[in-house]
Amino acid sequence: MATHQPLPSQSAPVVQRGIVRWLRENLFSSWLNSIVTLVVGYYLLTTLVPLIDWAFFSAVFTGAGVEACNPNSACWIFIQERFGFFMYGFYPEALRWRPTLAFVLFALAVVPPFLPLPSRVGRWAGIFGITGLPVAGYILISGGLFGLESVNTSQWGGLMLTLILAYVGIIAALPIGVALALGRRSEMPIIRGICVVFIEFWRAVPLITILFMASVMLPLFLPDGVSFDKLLRALVGITLFQAAYMAEVVRGGLQAIPRGQYEAAEALGLGYWRRMRLIILPQALKIVVPGIANTVISLFKDTTLVLIIGLFDLLGAVKSTLSDPAWNNVMAEGYLFVAFCFWVFCFGMSRYSHRIEKQLDTDHRQ
Amino acid sequence: MADDGATLEADVIGAPVASAASDENIIQVTDLNKWFGEFHVLNAVNLNVQKGERIVVCGPSGSGKSTLIRCLNHLEAHQRGEIVIDGVELNEDVKKIEAIRCEVGMVFQQFNLFPHLSVLENCLLAPIWVRKTPRSEAIDMAMHYLERVRIPEQADKYPGQLSGGQQQRVAIARALCMQPKIMLFDEPTSALDPEMIKEVLDVMIELAGSGMTMICVTHEMGFAKTVADRVIFMDGGQIVEAAPPRQFFTNPEQPRTREFLEQILQH
Amino acid sequence: MADDGATLEADVIGAPVASAASDENIIQVTDLNKWFGEFHVLNAVNLNVQKGERIVVCGPSGSGKSTLIRCLNHLEAHQRGEIVIDGVELNEDVKKIEAIRCEVGMVFQQFNLFPHLSVLENCLLAPIWVRKTPRSEAIDMAMHYLERVRIPEQADKYPGQLSGGQQQRVAIARALCMQPKIMLFDEPTSALDPEMIKEVLDVMIELAGSGMTMICVTHEMGFAKTVADRVIFMDGGQIVEAAPPRQFFTNPEQPRTREFLEQILQH
Amino acid sequence: MSSDQGPLRPGNPKPWNDPRVRSLVFQIIAMAAVAWVGYTLFQNTITNMESRGIKTGFGFLNETAGFGIIMSLIEYNETMTYSRTFLVGLTNTLLVSGLGILFATIVGFIVGIARLSTNWLVAKLALAYIEIFRNVPLLLQIFFWYFAVLGNLPGPRQATEVAGVAFLSNRGIIIPKPVFESGAGWMGMTLVIALIVSTTLVIWARRRQAATGRIFPAFPVSLALILGLPTLVYFLTGQPIGWDIPTFGTFRFTGGITAIPELGALLVALTIYTATFIAEIVRSGITSVSSGQTEAALALGLPPRRVLRLVVVPQALRVIIPPLTSQYLNLTKNSSLAVAIGYPDLVNVFMGTSLNQTGQAVEIVAMTMAVYLTISLSISLLMNIYNRAVALEER
Amino acid sequence: ATLEEVRDAGEMRCGVSNGLPGFSQPDSSGNWSGIDVDTCRAVAAAVLGDADAVEFIPLTAAERFTALQSGEIDMLSRNTTWTTTRDASLGLNFTGTNYYDGQGFLIKTALGVDSAYDLDGAAVCTQAGTTTELNLADFFRANDMEYDAIVFDTSEASAQGFDNNRCDVLTSDTSQLAALKTQLSDPESAEILPEIISKEPLGPVVRQGDDEWFNVVKWVLFGQINAEEYGITADNVDEMMDSDNPSVQRILGESSNMGEILGLDDDFMVEVITQVGNYGEMFERNVGPDTPLGLNRGNNELWTEGGILYAPPFR
Ligand SMILES: Nc1ncnc2c1ncn2[C@@H]1O[C@H](COP(=O)(O)OP(=O)(O)OP(=O)(O)O)[C@@H](O)[C@H]1O
Ligand SMILES: Nc1ncnc2c1ncn2[C@@H]1O[C@H](COP(=O)(O)OP(=O)(O)OP(=O)(O)O)[C@@H](O)[C@H]1O
Ligand SMILES: [Mg+2]
Ligand SMILES: [Mg+2]
């Protein structure tokens, strides 16, 4: 037998190449698939095309008032005209630069992980985001200090309020959640019991019952004369609710840390709190970034429930204008606008968490 | 590895290795071509296997060994050429594919036992649902094969409770329970620790001795020497050389084969 | 393994193995008893270790070796008996436990480095937070010990980027940074590949040469022969035999010990 | 521990350094703090309620409610008591949660499987559906379905007719209601008989397969029996079931069964929202079954249908069920958003109207929360039992 | 006590409806207006001397009593009907009536129904937690008619439901119906039926057990009614100070210690009338014939003019 000469490899048959192959494999791989493709495609076309036309091509974007709109296409003028209200609620127009500035600071704290900056910058931005920003933001938005005119919380509203609720809820819930998680894993039965009862209680009841309690019943539980701001009370409710969920996420992270880590830290002579702070929590929190992101996203969506207790968050603001007799039939536009805002934020957050996850990955496994 | 071969040969003295293969071709592969996208994995492969023949396939990683045997029971579809198994030509016809899969048992590198079923139930699944064997009969058969792979006592355990070698032996028993005419092995020992390799190879050698048609992708050259009727060397999606083991190991025709053997026998 | 011992001995010729132990008992274990639930893991263990003494503990799996040395720095609490370390009696008193842990370094089978900290930071952690050493001083010391375990160049890497042997050497350096009077090793090499075992043993032999009090659970008999002042054999939670290595390996008194040695020296 | 262990602990540390003493003290302090907080809250509440003259106690449950509720599964009219409104609210909550769970599971499984479809269009469509609907607040979706979609259905006079017996309008869906006449009992009896026969059939089929290996299509046959036998009897006994066909009066349809649009909107929103999460759970459950499992099963000659049922699904279910139940819990809790569109669920009827009429916020809110707590705890309990039952045996 | 707390806070918290034209409604920059809102502002003017020192807290009908009971608000001015149960068992006190109302029905003209007695089988939109809901049940039961109660949590939502044709009839206090009618997409498509099925005296509410505060809120409203009776208006209040009419002098605190005994400044009514106006002005401004609601005084006319508005004298 002669020496084996490798045959030249041939190019694949047509069905195995390029767009034809893609179509065949992805859309028409069997007769059943082909029928499904055609049917689904048909319905997609017949619904999407008019929808896109309604929302964009024949929609009215500019004009003066309701007269410029036509009933068969979207009327985005409505959003434009009420934009300020949707963003800031009743916040005095002249002072709206203050929340805007706070948002800019927020963006500065949040954006670095997306940019090609050294990770140190991202870390400092993150630290600012959870320490300096709440203070600066509060001073800016609420006023009353440094000669800034004070704006009552009842005037806060719109997207601004939504963001404040979510942001404060997260920042305040995380430490409480960590404490609860540690408590739930404690060896002291009473501490553990208290934490379990607390967590399970908050997780079992619907948020609106909690908001109802916080907004109208809380003063009943407090000594006579003690009362605090309605927004603050809603925040307390949201925070405790969120903390219970956070605690369960963090507990998952704590459980994932191998025993050896605890023992090695113990053998080095580190006490309980140092062990937790220096060794266990940094690792556990890193593991649970995706879990935290998920609870944050659901909290962000849940903030809309404050509408039921009479706060004008984004949804509340938009909804309250829908009954304006001057604007008929803008319901779809209004709801779509809200949906779009929420979608952008939620989707953004899930991407953001992926980014953070990568950045925190210092394990550098080989 | 060369040493291993020696030990193995010693082990099988008891089992007469039947090398009398009948003339009938149970597998006929003609001009088999397969592409993954633009990548030509199998290039004009021709292979005839007679009933009772034992074939070992070797070759460097990525040469298409797994793909070849996976084509034989249509876990991969081929794009050109003809595969005829036991007289039935393999094409996209689902009924034929199922019929052929009943005749062809396969053992994977990663065992792929069903973790939610006990060892016995793993073995009963196919006979009951495919062959429609009565349960009691199927149990008898399963226990028979579990005895043959030497773990009847593990029948009621779950795969997760067994060692790797035991799991692979269950996988072999599971395939045998369908009483296939052909057995395909895709590197059955390469996920195992050294001690366990031996216990699995022993079972395979015994099986080879019983006259089963076998195609086995493996790098266990000792095993090849002991039981193979033919060793096939693949490279770049082609069959480079096919020869009886004695000739293959001592006097390979192709330089490519020699090169490969040097590498593999070194360590 | 017996071979290994030989190689090791050859290696350490340079390092003079000081076997002059002072008379002072740095560890006194009297009638130590421990139960896990109903299971009696340590049964009336008595052990005195002098300053500078090097002890190797061996015995079959489950005999309580790990438990014994984990009791010495109170990773496990004992239920009866007395442990006195460096003159301090170990009981539930948290202050005492912390003080003793500062004097007793420990190296685990699974390294247990902190993956979120760099090698250097792993070494700095305890000196800074427990001993309250100034950072610059702690860095100097850490680099000193990293040099001693021969990986100063890895100081800024993360544990995940190192091989097992390197990681174990970092773990040793990390323990040394606390400048303990006693070092405990719990099978420091058994999670390592053969090549890496040697690099870790070398470091330990050097450490032994420097006069550190060491208790080491290991099955590396070569190591035991080379550096141990005493070899202790445990079985069933009791100390069966304790003797200098020469006598222990060549002429063990107890039949149980002989049996064990036969087993372990076989492979 | 047995008594032969002698003194439990060696040595005697100073009490303030003894971790047991420390932990005991710490726990006592924690307990005291919690008790104190609880007591203060309780005391404050009592004082506040007393000083403001608010009625307390559960006596109100026996008072007449006096308001109407649009939808009730149990008999209700405005002369009944608040305890009845509680039950009405509770059953309505259970109804919408139950239906929501059913539909969300169906949609979620379909979408989750579609997400894995080899058909690119179908897979991408499923992905788009998931990404869109799970990132938009549920409350908004409820409003959208209720006001923007169902609100635009024709009025009852212009109702869309289905075969002249069912009607769809913005007052909901009205379908005929069966009226049982004498002789209907026979049908009931045959139904029971058919059920018994089917069960026997399934058992027999299993036995026969074990004995002879032959597979009998017990499921379709049973289905045919259960549906077919009563139908047969229906005609034999002279059609003893009359149909109360809805007819239009001055304002509305009378007769028939009405599904109100509030229920519809809430159900659609809950289903669509929760299904996105379920779909992701199903997808990850199925992908968690390695392809090796499928290949091994195929290589044994099992047809794809059986591979799914015997190999993939049982393994995927272990992964799917725990997160699935927590979605069920979420759905149940989310059903309380009913209050925003006026579906008479527990929160709306009891924590809303009843609370407002009686003013007894503390009692009513406590009862409402207790209901949700009970639901959630019972589900967790079931889950734990399930998890223990299916845990994989490991080495 | 509430009075001191309000003084200390420098601001009064007043619970109002979250959107009912003419009674309480915010404009797009958050300024509240309406007769209920003015009632709050009048109390703030009396207590703090500044009608703007009010924080308006929008409440749904279902939340309002709990909010007041708990102390979340200092007074409730949210078209709330005065009933025995509410007065007695909720721990609340009604301080008077700032609007005499009655429950009526708003119906689509197209249905061709012109009497409430022809509503058998109708779907009726109403608001959760109101007396309306109870009256409705009584009315239909008393007349042996059936109905579907479509209950929303805000009046706005119930109007929207009516507008969307979710129900045939919208029931509420007639004043509210007038207000809600203006919000319909086609206000002309609906009309109010003639039947009034209940008495609905609407007024401010305070917590029980704080008589001082109770008196303050009560007498501010009485003061406004008296002021109208004696012709004191925001425009002429300065001139009226010089009036010889002893009643006027007492109202304006010129010759009496009415303020002092209430715990207020003696000229508290001057502040109220300059900043908010008398009852008539308040009515005309918010719900009167010249407003979109276009309501006539009707029962809310002074007793001297044939109405039932009758305030006890300042003396
Ligand atoms: N599903 C697939 N899609 C694309 N390429 C594939 C696929 N499966 C295998 N290949 C490629 O085909 C080539 C042959 O693969 P095959 O698994 O048959 O090699 P092999 O000879 O079995 O190698 P090994 O010894 O590593 O198992 C490899 O280059 C591999 O990367
Ligand atoms: N935390 C624990 N709870 C209960 N039993 C334990 C625990 N730790 C160890 N044991 C049991 O105590 C016995 C002694 O364990 P130990 O780890 O000390 O043995 P060893 O001699 O170190 O064995 P090996 O060589 O396998 O490490 C074993 O039977 C083990 O199962
Ligand atoms: Mg392969
Ligand atoms: Mg051990």
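Only this structure's heavy atoms are used, side chains among them; waters, hydrogens and symmetry mates stay out.
If you measure heavy-atom distances from A/L336 to chain D, you find no contacts under 4.5 Å at all. Contact of A/I191 with chain D is made through backbone and side chain together, with heavy-atom distances under 4.5 Å. Of the atoms belonging to D/E131, heavy atoms from both backbone and side chain fall under 4.5 Å from chain A. Interface residue D/L41: backbone and side-chain heavy atoms are both found under 4.5 Å from chain A. Residue contact with chain D, scored on non-hydrogen atoms closer than 4.5 Å, is absent for A/L207. Using a 4.5 Å cut-off between heavy atoms, D/T45 contacts chain A through both its backbone and its side chain. Of the atoms belonging to D/L24, not a single heavy atom falls under 4.5 Å from chain A. Within the 4.5 angstrom heavy-atom criterion, no atom of D/V371 approaches chain A. Contact annotation for A/F201: both backbone and side-chain heavy atoms come within less than 4.5 Å of a heavy atom of chain D. If you measure heavy-atom distances from D/N330 to chain A, the contacts under 4.5 Å come from the side chain alone. Neither the backbone nor the side chain of D/F133 comes within contact range of chain A; no heavy atom of the residue lies under 4.5 Å from a heavy atom of that chain. Only the side chain of D/L355 comes within contact range of chain A, judged by heavy atoms closer than 4.5 Å.
With hydrogens and angles disregarded, no donor-acceptor distance shorter than 3.5 Å links the side chain of D/Y146 to the backbone of D/G342. Judged purely by atom type and a 3.5 angstrom limit, D/Q141 uses its side chain to pair as donor or acceptor with the backbone of D/V136. With D/T332 contributing its side chain and D/Y328 its backbone, the two residues share a donor-acceptor pair below 3.5 Å. With hydrogens and angles disregarded, no donor-acceptor distance shorter than 3.5 Å links the side chain of D/S354 to the backbone of D/M351.
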- [ ] Apply the test side-chain contact (heavy atoms from CB on, under 4.5 Å) to residues A/I190 and D/F26: give CA-CA distance (whole Å), side-chain angles for both, the deciding distance (0.1 Å), then the verdict.
- [x] CA-CA 10 Å; A/I190 293 178; D/F26 189 51; over 6 Å; no
Task: Full working for side-chain contact (heavy atoms from CB on, under 4.5 Å) between D/Y273 and D/N334 - done: CA-CA 10 Å; D/Y273 182 72; D/N334 283 335; 4.2 Å; yes
Task: side-chain contact (heavy atoms from CB on, under 4.5 Å) between A/I238 and A/V306, intermediate numbers included - done: CA-CA 10 Å; A/I238 287 180; A/V306 297; 4.2 Å; yes
Open item on the list: Pair D/T40, A/F221 - check side-chain contact (heavy atoms from CB on, under 4.5 Å), show working.
Closed with: CA-CA 8 Å; D/T40 323; A/F221 304 139; over 6 Å; no
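Each of D/A361, D/S380, D/A148 has some count of heavy-atom pairs under 4.5 Å with chain A, and the biggest count is that of D/A361. Counting heavy-atom pairs closer than 4.5 Å to chain A, the top residue among D/V122, D/T47, D/I132 is D/I132. Counting heavy-atom pairs closer than 4.5 Å to chain A, the top residue among D/A370, D/A340, D/S336 is D/S336. Note: D/N44 leads D/I28, D/N44, D/L138 in heavy-atom pairs under 4.5 Å with chain A. The choice from A/T209, A/V36, A/V40, A/I297 that makes the most heavy-atom pairs within less than 4.5 Å of chain D is A/T209. Chosen from A/M217, A/M188, A/M213, A/M349, the residue pairing most often with chain D at heavy-atom distances under 4.5 Å is A/M188. Interface summary for chain A: among D/Q27, D/Q43, D/R134, the most heavy-atom pairs under 4.5 angstrom belong to D/Q27.
A cation-pi arrangement is present between A/R351 and A/F347 under the rule of less than 6.0 angstrom and at most 45 degrees off the ring axis.
Between A/R184 and A/E248 a salt bridge is recorded (basic side-chain N to carboxylate O distance below 4.0 Å).
Residues A/T37 and D/N119 have side chains that bring a donor and an acceptor to within less than 3.5 angstrom of each other.
Residue A/T162 forms a side chain to side chain contact (heavy atoms under 4.5 Å, CB included) with just one option from A/F342, A/F312, A/F345, and that option is A/F342.
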